[in-house]
Structures are given as C-alpha cells and as structure tokens.
Amino acid sequence: MAIDGLIVLDNTGRPIIQSGFRSTSTAYPLLHVDAFNSALSKASRPQDIDPVIYVPAYNNVESPSACCHVSCGDIRFLCPVSGDDPLFAFAFLRTFIDILYEYFGNVSATTMKENFDVVYQLLEETLDSGGHPLTTSPNALRDIVLPPSLLTKLLSVAGANINSTINSGSGLGAAGGPFSSPIPWRKAGLRYASNEIYFDMVEELKAIVNKHGVTVSSSVWGKIETNSKLSGTPDCLLTFTNARVLTDCAFHPCVRLQRWTRDKALSFVPPDGRFVLAEYRYSPNPSTTPASGSASATSTAIANLAKDNVPIPFSIKMAIDLEASGGSFDITLTSRLSTRPLENLVAEFNLGEGSGAIKCVASRGLGGFGSRLGMESGVPGNIGASWAFDSNKKVLRWEITSIPPSSVWNLHGSFSTSTSVPRPAHALQVRFEIQSHTFSALKVEQLKVTGETYKPYKGVRGRSIGNVEWRW
Amino acid sequence: MAQAGQDAKFFQRGKIEEFRAELQAAETKDKKYVKRKIALKKIVANITMGNDMSPLFTDVVQCLGTPLLEIKKMVYLFLVSYGRSKPDQIHLVIPNFLQDCNDRNPLIRALAIRTMSYIPIPVVTEALSENLRHCLKDRDAYVRKTAAICVAKLYTADPRRAEKGGFVEMLRDLMLDSNATVIANAVAALSEIGDRQDGVIFKLNLTTANKLLAALGESSEWGQIYILDSLLRYVPEQHSDAQTMAERIIVQLQHANSAVVLTTIKVLLYLMNYMEDRRLIDYCCKKMGPPLVTLLSSGPEVQYVALRNILLIIQRRPAVLKNDVKVFFCKYNDPIYVKLAKLEIMYRLARAENAPEVLAELQEYASEVDLDFVRKAVRSIGRLAIKVEAAADSCIQALLNLIETKVSYVVQEAVIVIKDIFRRYPGKYEGIIPTLCENLDLLDEPESKAAMVWILGQFANRIDNADELLDDLLYTFLDESVEVQLALLTASVKLFIYKSKSDTAKDLVHKVLKWATEEVDNPDLRDRGFMYWRMLAINPAVAGEIVLAEKPAITTDSDRMDRGALDQLLLHTGTLGSIYHKNPETFIRNATGKALIDSPALNTHSRAALVPLTRAQLPPTAISIPGPGPSEPRPDTVEPTSLVPLDADPEHESTDADAEAETIDDAGSDDEEPTVRRRPHDSSDPYSNLDSAFGNYMADEPRPMTAGNHRGRHNDEDDLLF
C-alpha cells in the first residue's frame, strides 16, 4: 500500500518536478519517464495509452514496476508503483491535483514552475518517502504550507481566516498550531463576518441513443458542490423532500454515514471552503434497482429497460449519404423541452481519416415560440448557430449558444475524403447545459445549522449538463 | 503577483561557485534571511533540474541554524537528496538533527526525524533510533504519526536494530493510540514491515481488529485504506465474527475516495469466504454493485482499474452487477483501453435476457474505426453465440452481414469464431459454409487461415469442391506459418479419409505428407506427418476413426478462471495483480503472496478451492541482500513438492494426443494460474515466468475452449452462483 513517488512532466515529456524517490536508485524515476514517453510516442491518440504502463526492471537487482499516469492541462503526473496499488496511486494523484487547484487556481507547467517551492513543500507534506500519503486535507495543509502570497491576499480579502501563525515563521502561534483541530477536515477557530453556505447541485446526463432514436443506456450522475464560509464548528443537517431519487451515493468523509443510512438526511460538520459534499446517481425508477427487489429483478428486467431511461431533452434526425471519396449529411435537432432553453450545445462529428473540404450551412428551422424567432432572425448573420472543422482531429463542431423550447435547428453540408471509402464516426457527440434544472428534480427541504448561534445565509442552485452519444 | 512571476527565473542553470558566493554573501546583512532564502531556492530548483549540487553540502548545512521553518525545510530537502552520498560529512549535521528533535515546535521535531529516516547511513540511523523512542511517545499527535512511519524506514535500513530496539512492539502499542491518524500510520508501518519477506509476521486478532474498526470513522481516507487493508490479516474464527465485521464496514462503500471503496470491496469479498449466512452474502453482493458502477463516473484511469477488477469480481460473484450490463456499453470517445475492458465485461454479463441488447451494441462496435476494437467486437459476437444458445441464430446472422462487408480483418475474425460455433452447435449452421468459401481470398492471417482450413477439412464431405480449394491453398504450403501448415496437413488427411476413392485427394495427401516429413524443419509438423503416414499405411479405417472421432462439444463454462486462483486474486483487488490478473508475487519480486487461510469459519465452498500459499519459508532472521551477478538461487529444498514440472504445457501434450490443431492456447492460460502460483517466485530466475505473466494479459480474453481440457468444471458453477 504505497507509491514510490511522483513526477510532473511538461508537455515535451521532460520532468519539471519530482518527489524524492529516496528508497530507490536514481535511475528509477528516469526509467519511468522513459517508459511513459516511449508509450506516448507509440500511441495513436495520446489518450489511448494504457493508464498503467508496465516498466521492466533494468537490471536484476531492481524489481519490475508499473507507471500510473494522468494528464491535467498541459502536464502529466506520473506515479511509479513497485508494490501493487494502481488505484491507490490514482486516488492520490486525484487528491494531489485537487490540492494544486486549491492552492494555485489552475494547474499548468507555468504555475508549477512559478510556485515550485510551494509545490515541493506540498509534496513533502502530502507524501512521505515511503509513499504513504500524509496530510491531504486542504484545510490542514494550509496550516503548514503557506499558499502563494497572492492567494493569501485574496483569501484574506474574501474573509477567510488564515492563521497568523503561518506567517510568523515559527509555525506555532496563539491558535494552537497545526493539527490542533479535533476534526481532521476542518480548521479550528474560523471566524467570518458574514456566514454563508451554498450548495450547487450539478447533474450530468450520460446517454447513448441508437439509430432508431431509442435510448440504449442513460444515467445521471449528480454532485452536490458546496462552498462553506461558516464560523466556529457548525453542525449542519441537510434534508431533502425527495431523497429517494438519490441512489448509489458517495459522500465526503464529513458526512455521518450511519445517519444517512437511517433517515436519508445529510448530517455533517463541513470543511472550510469548497468541497464536494456528495456524489450520487439518479435513477428514475428506484423501485427496480437491485437494492430492493430480489427475485423479481430478472423477470422484470426487460420490461424495465425503457422505464429506466432518463428522457433526452432533444431529438436528432440524421441523414447521411456516403459515396466514393466523400459524403453529405443533413442533421436536424429539435428541442424537446417545453419551458427552458438548452444552452451551449456542442455537437461533434468525427468525419474520419483523410476528411476535408467541408461545406456546411447551419440554420434555424421552424418551431419554437414565434416571437423569439422573429426577434432572432431580426439580427442578420447571427442566428446563434455556427460550425467549425478541426482539421487535426477531423472533427466537425456544430455550436448553438441557446436553443429555445421546441425550436428546430439544422446543419447540412458535404465533405470529401482522401481515402476512397469514407469512414465517419457512427455517432454524434452532443454536449449541452440547462440552467436552473436538475434531471432528478432533487429538492432541498431544509438546512439546519446547530452548534452555533448565528443564522447563516443559505443558497441552493441546480444545473444540468449532458453528454449524449447519438448514433446513426 | 510579482513574487509568483519571479520564481520561474530560479530555473536557470547556475554554477556551484556562484551559489557558494551567494550563500556566503548572505551571511551578513541578511534582513529576514531573504537573501539566503533566494539562494536556497535557486539551489533547490537546480536539484530538480538534475544538476549535481552536492559540492555545496557544507555551505548549505550552515544555514540549518536559521530559525526560519521555510529555510529549514529547504536545507532538509537538500540533505535528503545528497545525505546518502556524503557518509563522511553527514556527522556535521547530527548535532542539528538532535537539536531539532527536541525543538519546541512539533513540526520541526517531526521534520527532523523524518529527514533522518530518509538517510540510511549508520551514524544517522543510530541517532534516529535514540530519538525515535521519545517521538513515538511524543505528546503531539503529528510527531507520533510521523514517528510511526519512520519505524518502517528504520526497519528497512536496519531490521536487526529495529527489532532489538523493541520498535515493532512500540508500533503495536500505537495501534491503541487515542488519535486515529496515529493508529492508521502505525498500521501502515506494520503492514510495510509485515510485507517484507524477512519481516515479522503481522496478524490481527479480533480485539485489535475491532479497535482498528473503531478508529475507522475518524481516520483520513488514506488511514481508512490502511486500516481496511490490514483487516485481510485477520482470520475470522467464527462465521459470526466475519459477519459482524462485514456489517460494520459495509457503510464505507459510500466513501467518495475510489481507493477506499475498492479496498472495502476487497475486504468484503474476503470476509464472505468466512460467512455462512446466505442472505447476508447476497446482501453484500447487492451492496457492492452500485459503488462499482459509481467508479465508472470517474476519470478513465480509475475506470480502467475498476473495470479490470469488476471483470474478476463478477467471475467469482456473478450476482454482482448482473442486471447492469448497460452501464458497460462503450462510447465512441472512450479511450481504447476502457473500451476493450468494457467489451469483456459485456460478454461476461450477457445472458439470454439481455443478449439482444448486447448483440446490437457489438454490431455497432464492429463498424467502428479502431482495428483492434473491431476485431474484439466481432470475436465477441461469436463468443456470445457460443455462450447464449438463444442468441445463436441472430449472432450468426450478424456475422454473415459482417462477412458481406468484405472488410478483410472483419471477415477473418468472423471466420475464426464461426469455426468455434460449428463445434458448439454441430449440424446446425453448416449451411453457411459456401458463403465462407467465397471469401477464401480475403484471409491472409495465420489464425483465420488455419480456422478456414479446419472447416474445409472437417466438412470436406459437404463441400463439393473441397479438394480444389485445398489444392489452391496448398500452393503456398512451404511458405505458410506452422499453424497453417499443421491445419493443412490435418485437413488433407481428413479429405482423404472422406474421399478415399478420389485420386486428387490421394495425390494431395501424398504431396502434403511428403512435404511435412521431408521438406520441413519443424519437429511438430514432421512428427505429425509421420504419425498420419503410418496410421494411413497400417490401417486406414482406424485412422479414419481417430482423425474424425467425435469431438466433445465446446462450452464457455470453462473460460472462467480457476476458482481457487480467483479467490487469491481477489485478495489483491485494486492492485496491479487485479489489472494483469496475475498474483503479484509472480511478477513483482518483493511482493508477498496472499492466500485464504483456513479456519473453522472458512465455508466449505471456499475450502474446497483453497490454494495454500507457498511463501518461501526463510529462516526468520535471514536477510537477503541481492548481490551483483545472476540472482542467487534459493535452495529448492524449501518446497520440493511444490515445483510443478515446467513442461506440463497443455499445448504440447494435446497437439500430439488430440490430432486437431485446436484452440488449446487459452486452456493453457486458465490452467496456468495455479501452476504459476505454485512455482516459487524465488526459483533460480525470478523473472522466468514474467513473459507469460504479461503475455497473458492480452491472451486471457475469454475465448471458447475445448471442454476436454476442463473436466469437472461443471461442479463449480453451482458454487459460483451462490
């Protein structure tokens, strides 16, 4: 249960930061950088490299190992493991990247270089040389590793209470020093002028629709993103009016799991700042989930297939004609929503190797509210839809910023290929957003804060994003 | 902002002399130590860039007196990088270490012992072991938890000293500490020591296990992982113990950290071996499915690890996820490794009820662009036909449609699987043979060619122009790969037996036998040629009976892993072993094997499949130091009986015994599991089995196999379904 270290590579494959590797020979990290770079050069697409690369030993004394890696922005994080725990490595990498975001706002080769001393201190505190993660809770880390000064300023302006101790150099001050908090994820002695807590419920629909327009599989993954700015040690109790729509939940360590199991309420002392309180899956028909039914599950499985699906908020009709060295297509998208607009819709269509010479017309068809149509067509040359072709990836992108309810949109055009048989992707990838809407219609009933005397300001928002594969 | 922007300039190659001068200049008029800080930053940046800064050792060490934590940290970083290479100078720092070990600030105390533990030089180790004793009892939890890990480091550097100094006992006592993080780190250190082949054996009894469980709720996520993982070192003596423990940890399945979730699943799977209550076992299975599905919403890397593990888990506990095949449908944009892993799971989860959906998906994939994925998709259609009888008709139709596309690699894959379908459903689908024969020219790979040749030979009596077709294929006999040559040889013999009256058949077989025995160097081919020749010469009728003997129908029951091997692999859930589907000790030299341990509570099904672990039983005090040269052979006398003859390779046996060039390859991989495991990993060459370990990673895709190689596997099925 340990990882050997961590290496950060820039986009040319050169290491910019690496942890100690004290228990291994100096050649060991180089071996992994090499193994990764050679795997990268062999892969047809950079995202297709095996996430766990087997690295043979370079001599008889060392043992073979594996290199786990993830990419993040323009850099790659490598995590060699010679024990046997890739998932542990990935979980750690994820946490470490989150910490970097927390400290620097964004993660890139430039920020890594600009703040390398902080990154090193973070590495020292989060991972010991034996590969055991140490302190990974951002709240506790901030006590021992000073965030870059800009962020410190911003935080103090924003009202966050940074212990004076970390600036004093000795590391020990009035508030009792690091790790004085009895709750590992929350700092002690927080004070805010105005106490606020916000919940963002973000749900993502992932679905596959087959060529007959029938949903083959769909699932909704939700997250409750929380931003807490509360003084003292508040004890929160969040209840929902329809908690049964939440299935397969995973919670932040602060949530009392027994309490959730007992009465489906989230009871927790929140960490300070931003964190993900809970992740869940929404299934429209919870009675058919395996958790409740037993023998009936098999027999009713087929009948439930249709019911299990979350309705897709739009429909697409695709007509594609392929001929020698080219083809033409006509795609029509209709919103199925009746009140809200679909926003920032992006449909991507991979036209395959050797495609080019794209000619397209993106237009808005009939349908939707007449008045809106009039308004929009009044702006010449801007109907809110556009298309572009990425000649590197061979992907045609169709973007529509806002799709009013029930409106119809069309993209038609042609392309040619250098190969005689055009091989476009058999599916359109559609991403979209819907504001102030959740697929699950999850509703917060109440948030009770006990243990403190103030009345915090509370806010709840919902937002949906979608990621649909529409086959033709 | 200005400060942040400036730091990038530290990444400039600097000269040792310049840094030295800068440090010396900083000794005077250094307000707030700013100059020293800047100089040290430059030095640290140069260390990262791989420039050797070790000549600055004495100069940098001077800065240790600075009362600024930030500077201290950088100096310690320097020491950690170069301390090991300066054994003659390290004594200069010892007084500083000792001073810091007694600092008022717990951060500095911890930093000092941590840094010391990174420098495995006797002087430092000695100083460390004196101070470590106090730090393990420090009033500050941060120091105690750091000290716990340092014990493991000390153990690595000097096991004797650590054992004599009573540090292992002190760690054991720390497991009862009031602070959860300290407990978790003590467990982590003990596990690390226990995983060493020369280390003390770390086992848990019920009382300690319960104490650890109590600390679970307050631990950090990493602490939880250590504690959960250590539960595998507890062997339940009663069913009820295992059951209570499972009930206590099941709630951890809802943790946000994927490693916590998978470790919990690992422990549950382990405890289930010691449970009796069927209803609780079913309940655990049901509870495990959803968190596994949740892992699939993570990044592709975690998905990949999750998928490889799911593949193992559903083989052992088919109840898990049995209604969830849809979540494994592939998306066009999934990385290829995720797609391939999903494909295997889809095949495993396919049943009569969901076969139409699965088939529709597979057909979709067969039209994609990625070659490897398309091939696997086509192959899976064939395997689905073999596995689910109700879906066989539609699968065959799907394959025929694919053959019509005339895309070479699609046709080749289709032919390969159709051969197996013929064997699975004798007399049912032979009507499609003419379609296959039309596409003979598209086959240019050995495997598909061999498959087609097999079909030609086997059904030569139904194919009117079989002799012509074979004759065409024989033109290139001498240039073909051995696989195809063997198939051609057998097919010609079959043709001759079917059509012994025909002169062409006689000519053909004569020609081939002559080639095989005279012109070819491959001993397998030659031997088989001689064997056929003599059989045909002595008694053609008997030869016919042998060559065309009724073949056992193939099933897919057997393309599951051996049950005992599965149980062992599942102890490695979430680890490399679970990704490569091999026990780690077979490919990682220092890994310790894990095995289920017998106890009164072990349930009968698990005991029946129990595979004992052959941990190399070294004398407890022996410490192996790998020397230069060839790796030292350990005495084979340790486990004389456990050495399975290496040549027990089914491939060779069967090619001779069974006169078919049949797909036995995968039978090998299945049987090989126990073989590889029983082979002590410290046999003369520790890497001797590496090739197969990783080669099999690609080869162990489920493939239909001959039932003949899997006698008695049917009993397993009942077990697996409970």
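Being a predicted model, the structure only gives us computed values, none of them experimental. Each chain gets a letter, A, B and so on, in the order the sequences are listed, and its residues count up from 1.
No side-chain heavy atom of A:K206 sits less than 4.5 Å from a side-chain heavy atom of B:L296. Within the 4.5 Å cutoff, side-chain heavy atoms of A:Q429 are placed close to those of B:N333. Between B:S258 and A:L87, some side-chain heavy-atom pair lies under the 4.5 Å cut-off. Side chains of B:K331 and A:I208 form a contact here, defined as non-hydrogen atoms less than 4.5 Å apart. Two residues are said to be in side-chain contact when any heavy atoms from C-beta on lie closer than 4.5 Å; B:E221 and A:T136 meet this criterion. B:K145 is not listed as a side-chain neighbour of A:H132, based on a closest heavy-atom distance of 4.5 Å or more.
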Test side chain to side chain contact (heavy atoms under 4.5 Å, CB included) applied to A:N210 and B:E364, step by step: CA-CA 9 Å; A:N210 72 9; B:E364 194 68 48; 5.5 Å; no
Would B:V251 and A:W260 satisfy side chain to side chain contact (heavy atoms under 4.5 Å, CB included), going step by step from the backbone distance to the final call? CA-CA 10 Å; B:V251 70; A:W260 166 259; over 6 Å; no
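A donor-acceptor pair is defined here as one N or O able to donate and one able to accept, closer than 3.5 Å; such a pair exists between the side chain of A:E469 and the backbone of B:Y332.
There is no contact between A:L93 and chain B, counting heavy-atom distances below 4.5 Å. Residue A:R471 touches chain B through its side chain alone, counting heavy-atom pairs closer than 4.5 Å.
We find the CG-CG distance between B:D334 and A:D48 to be 10.0 Å, quoted to the nearest 0.5 Å.
In terms of heavy atoms, A:P51 sits closest to B:E301 at CB-CG, 3.7 Å. Shortest non-hydrogen contact noted between B:T294 and A:W221 is CA-CZ3, 3.6 Å.
For the pairing with A:F88, the side chain to side chain contact (heavy atoms under 4.5 Å, CB included) check across B:N257, B:I225, B:T263 returns one residue only, B:I225.
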